[in-house]
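Residue numbers start at 1 and run along the sequence shown.
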Amino acid sequence: MASVFDTLKERGFISQVSSPDLEKRLAEGPAAIYVGFDPTADSLHLGHLVPIMALAHFQRQGHRSLVVVGGATGMVGDPSGRSAERNLLTVEQVAYNKAQVKKQMARFMDFTGDNAALLLDNNDWIAPMSFIDWLRDVGKHFTINAMIAKDSVKKRVSSLLSEYEILNPP
C-alpha cells in the first residue's frame with residue numbers, strides 16, 4: 001500500500017511542503033492532522049472538498065484526523081478578506097451549523113470506531129478565557145504592525161476611514 005504522502009502527491013494534493021522531513025515523519029507512524037472550518041453557514045461548499053478528502057486519506061491510512069470548527073472565531077464577525085463585516089451569529093446558530101457540517105463530513109470520514117475522526121470546537125477552549133487572559137496569553141503574539149501589514153486589514157482600515165470621511169468631512 002502506498003503511503004498517505006505518496007497517495008496525496010499522486011492525486012495532485014501536494015505541490016510543495018514546508019518541512020523536508022514531512023514524508024519521513026508520516027512514514028514513522030500515525031500523526032495528527034487538522035483542518036479548520038468556519039461554521040458561519042449550515043453547509044460546506046466545493047472549496048472545502050480538497051481538505052476534507054485529504055483528512056479522509058490520512059484517516060484511512062491510520063493517522064488521526066481532527067476537524068476544528070471555529071465556534072468562537074465564527075461568532076466574531078471576521079470578514080476573512082472581504083470588505084464588509086459578516087453577520088454575527090448566535091451560539092445556537094453556530095451549534096446548528098456545526099452539527100450540519102459534521103453530518104456532511106460524515107459522508108467522507110468516520111467519526112466512530114478505533115480511529116475516529118474528532119470534531120473539535122475552538123469555542124471550548126476560548127470561551128472560558130476572560131478578555132484580559134486572552135490579551136495576556138494569546139493577543140501578545142499578534143502585534144499591531146503585523147496586523148496592519150496584511151492586505152486585508154489595510155483594505156478594511158482604508159474602507160473604514162473613507163466611510164468616516166464621508167460621514168465627517170474635514
Which residues satisfy the side-chain contact (heavy atoms from CB on, under 4.5 Å) test with [X], sequence neighbours excluded?
X: Thr143; answer: Asn145, Ala146
X: Val91; answer: Met75
X: Ala31; answer: Arg25, Leu26, His63
X: Ala117; answer: Gln59, Ser65, Met109, Phe111

Exercise. Counting only heavy atoms not in Met129, do more than 12 fall under 6.0 Å of its CE?
Worked result: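 More than 12 heavy atoms, drawn from other residues, nucleotides or ligands, come within 6.0 Å of this atom.
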
Problem set entry | Sequence neighbours excluded, every pair satisfying ring-ring contact (aromatic ring centres under 6.0 Å, His included) that has a member inside residues 18-55 | Phe37-His48, His45-His48

For this session: Scan for ring-ring contact (aromatic ring centres under 6.0 Å, His included) pairs involving residues 119-158, sequence neighbours excluded, and state none if there are none.
Result: none

Exercise. For residues 116-131, which residue pairs qualify under salt bridge (charged side-chain N to carboxylate O under 4.0 Å, His left out), counting only residues two or more places apart or in two chains?
Worked result: Lys98-Asp121

Problem set entry | All pairs passing salt bridge (charged side-chain N to carboxylate O under 4.0 Å, His left out) where residues 134-148 contributes a residue, at least two apart | Asp133-Arg136

Identify, with sequence neighbours excluded, every residue that meets side chain to side chain donor-acceptor pair (under 3.5 Å) alongside [X].
X: Glu92; result: Thr90
X: Asn122; result: Thr73
X: Ser43; result: Gln104

Exercise. Taking all non-hydrogen atoms of both residues, which atom of Pro39 and which atom of Leu89 are closest, and how far apart?
Worked result: O-CD1, 3.7 Å

Problem set entry | Closest non-hydrogen atom pair between Asn97 and Asp42, with its separation | OD1-CB, 3.3 Å

Are [X] and [Y] connected, step by step, through hydrophobic side chains (Ile, Leu, Val, Met, Phe, Trp, Tyr) whose heavy atoms are closer than 4.5 Å?
X: Leu49; Y: Val35; result: yes
X: Phe5; Y: Val50; result: yes
X: Val67; Y: Leu120; result: no

For this session: Compute whether any side-chain donor of one residue and acceptor of the other, for Asp110 and Thr112, lie under 3.5 angstrom apart.
Result: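 Judged by distance alone, the side chains do pair up.
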
Using atom types as modelled, flag every donor-acceptor pair under 3.5 Å from a side chain in residues 6-17 to any protein atom, sequence neighbours excluded.
from : atom 1 : to   : atom 2 : distance (Å)
Asp6 : OD2    : Ser3 : OG     : 3.2
Thr7 : OG1    : Ser3 : O      : 3.1

